[in-house]
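Some notes on the structure that comes next.
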Amino acid sequence: MKLLLPVAAFLATFICGVFTQSTKHFPNDSIRVRLLIYSGREDPTWSVSPFSRLYRNISYLMQRPTPSPQNSFPRLGYNGFDVVMPGVPTRTIPARSNPVLESMLLYSGRQYIDESTYRYVLSDIHR
């Protein structure tokens, strides 16, 4: 019985830590992410739970300045991410401006993006 409670607490933390959601209602303390990729249909949108292992890393990287990419004009395909942190206005992370942050944001929504789109964006980020 003494072992059961810590194991249950660990499992609950782990399950919540890897949970993200893709709905129109986002908890106020989550990070909202939108992949800017489509022109004719709705872009994939998801949230990163504060219990996720990625939440702290994304929060840290979002506080750091992001350099402007060399070619910042809109193009077809992947254009970056819109990110909303709790209490902070939407910030656009342009394509190829911060490969570490972009990769982390992409990975945080992997379950909401089809595999071919995921591979395309990942290869574009690291081009």
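Aromatic ring pairs are classed by plane angle as parallel below 30°, tilted from 30° to 60° and perpendicular above 60°; the pair Tyr112 and Trp46 is parallel.
Contact check for Arg56 versus Pro50: no side-chain heavy atoms found under the 4.5 Å cut-off. A 4.5 Å side-chain heavy-atom check between Ile31 and Ser59 finds at least one atom pair inside the cut-off.
One distance of note links CE of Met85 with OG of Ser30; it measures 10.0 Å at 0.5 Å rounding. The distance from atom CG of Asn28 to atom OG of Ser47, rounded to the nearest 0.5 Å, is 11.0 Å. Here the CD-CG distance, from Glu115 to Leu122, works out to 9.5 Å after rounding to the nearest 0.5 Å. Going from atom OG of Ser97 over to atom CD1 of Ile125 covers 9.5 Å, rounded to the nearest 0.5 Å. For the atom pair CZ of Phe81 and CD1 of Ile58, the computed distance is 9.0 Å after rounding to the nearest 0.5 Å. Here CG of Leu61 is found 10.5 Å from CG of Leu54. Values are rounded to the nearest 0.5 Å.
Under a 3.5 Å cut-off, the side chain of Glu102 and the backbone N or O of Arg96 do form a donor-acceptor pair. Thr117 places no side-chain N or O within donor-acceptor distance of the main-chain N or O of Ile113, the cut-off being under 3.5 Å. Between the Asn57 side chain and the Tyr55 main chain, no donor and acceptor come within less than 3.5 Å of each other. Without hydrogens or angle criteria, Ser49 side chain to Phe51 main chain gives a donor-acceptor distance under 3.5 Å. Checked by atom type and distance alone, the side chain of Asp43 never pairs as donor or acceptor with a backbone atom of Leu36 at under 3.5 Å.
Every residue two or more places apart in sequence or in another chain was checked for a salt bridge (charged side-chain N to carboxylate O under 4.0 Å, His left out) with Arg91, and none qualifies. With sequence neighbours excluded, no residue forms a side chain to side chain contact (heavy atoms under 4.5 Å, CB included) with Ser123. When the side chain to side chain contact (heavy atoms under 4.5 Å, CB included) test is applied to Thr90, the partners found at least two apart in sequence or on another chain are Asp82, Val84.
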For a side chain to side chain contact (heavy atoms under 4.5 Å, CB included) check, start with the C-alpha distance between Val83 and Met62, then their side-chain angles and the critical distance, and finish with the verdict. CA-CA 9 Å; Val83 182; Met62 287 293 294; 3.6 Å; yes
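Under the 6.0 Å distance and 45° angle rule, Arg110 does not count as a cation-pi partner of Tyr107.
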